Structure formats: C-alpha cells, structure tokens
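Before any comments, here is the structure.
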Amino acid sequence: MQNLHIKRPLKPKQAYQYRGRFAPSPSGLLHFGSLIAALASFLDAKAFVNDHGEQGKWLIRIEDIDRPREQKGASSAILTTLEAFGLHWDETALYQSTQSQYYRDILSNLAQQKLSYYCQCTRSQIKAIGGIYQGHCRTANYKSQGSATRLVNQYGLYQFNDIFQDDVVCNKALANEDFIIHRKDGLFAYQLAVVADDIAQSITHVVRGCDLLEPTARQLTLFKTLNNSFLKCTTPRYGHIPLAITSEGYKLSKQNKAPAINNANPQPALIAALTFLGQAPIPELAGASVEEIIQWAINHWQRHRVPKAFEINID
Ligand code: GLU
Ligand code: ZN
C-alpha cells in the first residue's frame, strides 16, 4: 500500500475572546453614573477586535442577591434603558438570584479546604479595635448558626494595573483583611458573588466605576484563592472610570435619587456620557440617531482619553 501523505488542515487556532460585562444591582433605575459605566464597558468590548475579526462580547449580569434592597421592576427597567441607549448585549442576561447553589458549592469547598471560617464578631466590636478585622475567630470553630463566613486571606493583594488609571495601590490593611463572603443574615456577600459570576461568565475585562476600586483588591485575592484551590480561573483585567459627582460632593447614585435618564430622548445623555469619558464626540452627532452615535463611539473609542481621575464634578 502506498504511503499516503495527507496534508492535515491546521487545527484552527482559537482566537482570543474578549468578554466584558455590565453588572447593575436592581436597587434602582439607571442614572447618569451607571450609564457611563455601561457605555464604557460596552465600548471597550466592542472596540476590541480579535485576529479572527470578531468584536468583544458584552454581557449583562443582574446582581439581584440583595432581595431586601431590590426595587420592584428595576431589572426590566434597566434592560429597557440599555436597549433604548443602543447598548445591546450578547448572550442571555445572568441573574444572580439563580446562582445560589453555585455560590453554596464554592462556600462549602472553601470551608472544606479550611480557606474560610465562621465569625461571630459584631460590627461594633470590630469598630472598637480600629475598624479592620484581625482574624479573631480564625481558630474559634464556631458553627454556622448566627455566624458570618470570612475568607482566610492568604495573599492580601493590593496593587494592580488598571486599564484607565494605570497603577493603583489600594489600602493595604483593608486588602489584608479576612473579608466576609457569606453574611450573618444569610445573604451571599457581593465579593463572593461578583467573583463567582465573573468566573461563570468567563469575563476577561471588568470595566466599572471607581467606587469599586478598593473592592478590586479583595476580588484579586479571591480569584487567586479559588484558582489555587479548586476552581481554575483567570483573573480579569480591571478598568475603572471616574465617578460622576455633583458639587455637594455626592456621588450620583440610586441612594441620593439622581433622576432616571430619559429613554424617549437618549441622544443628549449619550453624548454627555461620551464627553465625560473624554471621547470628544464631534458636533455632527447632535442630530444623529442612537445607532449612529454608538457606531461613531465604537470606531473612535480610545482608552487613553478616559480621564485619569477617581471622580469628576459634573455640574
Ligand atoms: N452590582 C454592582 C453595582 O451596581 C457592580 C458590580 C461590579 O461591576 O463589579 O454597584
Ligand atoms: Zn470574628
């Protein structure tokens, strides 16, 4: 038999996938501050093109683990606003309220590997020792009843290179704390859920507001802890955009009842958001459609133009 020299097709090289996300909590409607975060994370994903010519993916996660703080109808109102602003997401939106079993599995694995422990300290006890928890209950062997769960913080990571803010150094003491991953009241802690779901959604880039700069240190430590124990994962790149604040120094947020943005007339807020992000929208965009503005913004997105500032006054 003749020797066949079959030329095998080259195994297709997997192109790099950018996966970004916007992760609103449905404790209120979108406001200008959250629109900026949504827009920046969307543009950073869509301006990315891999070597197969594919744009980045932009996912939505509704962070509805804090049921008591949830505002009825907010989730769907947020999604409607994103649509009205031309921010169309890929894949189906993930609701954290459907992830409880996954979070519980992570918690029990951490416990099994002695990477977490129960703590019964009260807020005022911690305040009395200076506000930073000192691992008091690490060897106490409390039961889950009436306890919070804390992570054994082995790494205390506190520095990282931010896409927009360059080198960021977080508060070292806070970054070293054995932080809470399961609350005393039974709710899953934000730090646990956010990292668990950035893993579940294979997020490669987290773009969000500077109000979440400090928590990033803890998230880096949690990623490393999981990766080095039972859940292989890659820590995403982080990028933090300035917070929009008003002259009184208040951050625009659901708490101070900043006005909801107008779905019927999205163009002015969209252009204002681009200006805020340093992207210098051209005057011609004033009469353009939402789709045209978004397309222009994708084509012209430049990371280095995003202001290197933790907050910016907008009035
Ligand atoms: N759900 C958080 C918020 O609305 C954001 C979480 C994140 O982007 O990591 O503030
Ligand atoms: Zn304790």
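Please read all numbers here as calculations on a predicted model, not as lab measurements. In listed order, ligands and their atoms are each counted from 1.
Inclusion of Ala23 in the set of residues having an N or O under 3.5 Å from an N or O of ligand 1 is warranted. Here's the thing with Tyr190: one of its N/O atoms is less than 3.5 angstrom from an N/O atom of ligand 1. The shortest N or O to N or O distance between Arg21 and ligand 1 is under 3.5 Å.
Following chains of ILVMFWY side-chain contacts shorter than 4.5 Å, one can reach Leu274 starting from Phe22, so the two form part of one hydrophobic cluster.
Pairs engaging residues 196-205 under the side chain to side chain donor-acceptor pair (under 3.5 Å) rule: Arg21-Asp198, Arg61-Asp198, Arg61-Gln201, Gln96-Asp197, Gln99-Asp197, Tyr103-Asp197 [sequence neighbours left out]. Pairs of residues two or more places apart, or lying in two chains, that qualify as side chain to side chain donor-acceptor pair (under 3.5 Å) and include a residue from residues 175-184 are Tyr117-Asp178, Arg138-Asp178, Glu177-Arg218, Arg183-Asp185.
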*asked:* With side chain to side chain donor-acceptor pair (under 3.5 Å) as the criterion, how do His304 and Gln302 come out once you've worked through the C-alpha distance, each side chain's angles and the decisive distance to 0.1 Å?
replied: CA-CA 6 Å; His304 70 89; Gln302 295 197 51; 2.7 Å; yes
*Does the pair Gln295 and Asn299 meet the rule for a side chain to side chain donor-acceptor pair (under 3.5 Å), with working shown?*
CA-CA 6 Å; Gln295 196 52 57; Asn299 295 344; 3.2 Å; yes
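Contacts between Val206 and ligand 1, counted as non-hydrogen atom pairs separated by less than 4.0 Å, are absent for every part of the residue.
Results of the side chain to side chain contact (heavy atoms under 4.5 Å, CB included) test with Phe85 over Leu30, Ile293, Asn263, Thr80 single out Asn263 as the only residue that passes.
Between the side chains of Tyr118 and Asn141, no donor-acceptor pair of N or O atoms lies under 3.5 Å. Gln101 and Asp105 form a side-chain donor-acceptor contact under 3.5 Å, judged by distance and modelled atom types alone.
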Identify each donor-acceptor pair in which a side-chain atom of residues 280-288 lies under 3.5 Å from a protein atom, sequence neighbours left out, and give them as a table.
none

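Within ligand 1, the atoms closer than 4.0 Å to a non-hydrogen atom of Val194 are 9 (O), numbered from 1 in the order shown. Shown in contact with Arg208 at under 4.0 Å from a heavy atom are these atoms of ligand 1, numbered in order with element: 7 (C), 8 (O), 9 (O).
The Zn ion (ligand 2) has Cys119 SG, Cys121 SG, Tyr133 OH, Cys137 SG as its protein N, O or S neighbours under 2.8 Å.
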